[in-house]
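A short write-up of the structure that comes next.
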Amino acid sequence: MLILLAIWFFISFGCGILFVEQLNAIRFFGFPLGFWFAQQGSIFGFLGLIAFYVWKMNQLDRKHDFHED
């Protein structure tokens, strides 16, 4: 859980605010990468984190015989 929170913090605060100047030097689909992370990239990152969390929790449910299948 702490690793997922650290990734969330890095995506939202790091890529969207702290490292925006360095990321803006890189272009992504015609836009500066820092702008892209602040507007859309963070959403994709959060969706990836949610999907990973669901997958991992389902694994733990099956391991402890608490699944709903």
Side-chain angles (χ1 to χ4, degrees):
M1 182 70 75
L2 288 176
I3 293 171
L4 292 177
L5 286 173
I7 293 170
W8 169 81
F9 180 78
F10 178 76
I11 289 173
S12 63
F13 195 72
C15 293
I17 297 172
L18 293 179
F19 305 119
V20 72
E21 295 298 324
Q22 293 88 348
L23 291 172
N24 279 339
I26 303 168
R27 306 290 287 179
F28 186 72
F29 290 118
F31 296 100
L33 190 59
F35 171 78
W36 187 83
F37 262 109
Q39 298 302 317
Q40 291 143 352
S42 59
I43 295 170
F44 292 132
F46 298 152
L47 288 175
L49 286 173
I50 291 169
F52 179 78
Y53 179 80
V54 168
W55 174 73
K56 194 63 176 171
M57 289 299 111
N58 284 336
Q59 273 188 339
L60 287 172
D61 285 347
R62 284 183 180 83
K63 178 181 175 184
H64 297 289
D65 199 28
F66 196 70
H67 55 89
E68 297 178 9
D69 295 332

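Here the structure is a predicted model, which means the values were calculated and not measured. Residue numbers start at 1 and run along the sequence shown.
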Report task. Would you give the length of the straight line joining atom CZ of F52 to atom CD1 of I7, rounded to the nearest 0.5 angstrom? Result -> 7.5 Å

Query raised in the report: Can you tell me how far CD1 of I50 sits from CG of L4, rounded to the nearest 0.5 angstrom?
Result: 10.5 Å

Query raised in the report: Hey, quick one: are L18 and F46 part of the same hydrophobic cluster, counting side-chain heavy atoms closer than 4.5 Å, chains of contacts allowed?
Result: yes

**Report entry** Residue L47 excluded, over 12 heavy atoms near CG under 6.0 Å
**Finding:** yes

Query raised in the report: CE of M57: more than 12 outside heavy atoms within 6.0 angstrom?
Result: yes

Report task. Using the rule that two of Ile, Leu, Val, Met, Phe, Trp, Tyr join whenever any of their side-chain heavy atoms come within less than 4.5 Å, decide whether M1 and L49 are in one cluster. Result -> yes

Query raised in the report: Which class fits the ring pair F13 and F9: parallel under 30°, tilted 30 to 60°, perpendicular over 60°?
Result: parallel

Query raised in the report: If two hydrophobic side chains count as joined below 4.5 Å and joins carry through other members, does I17 share a cluster with W8?
Result: yes

Requested in this report: Consider only side-chain heavy atoms of I, L, V, M, F, W and Y, link residues closer than 4.5 Å, and tell whether L60 and V54 are in one cluster.
Outcome: no

Query - Reported CZ-to-CD distance for the pair F29 and Q40, which is rounded to 0.5 angstrom - result: 10.0 Å

Report summary line: Interatomic distance, CZ@F19 vs CG@N24, rounded to 0.5 Å, equals 13.5 Å

Query raised in the report: Going hydrophobic residue to hydrophobic residue with side-chain gaps under 4.5 angstrom, can you get from L23 over to F44?
Result: yes

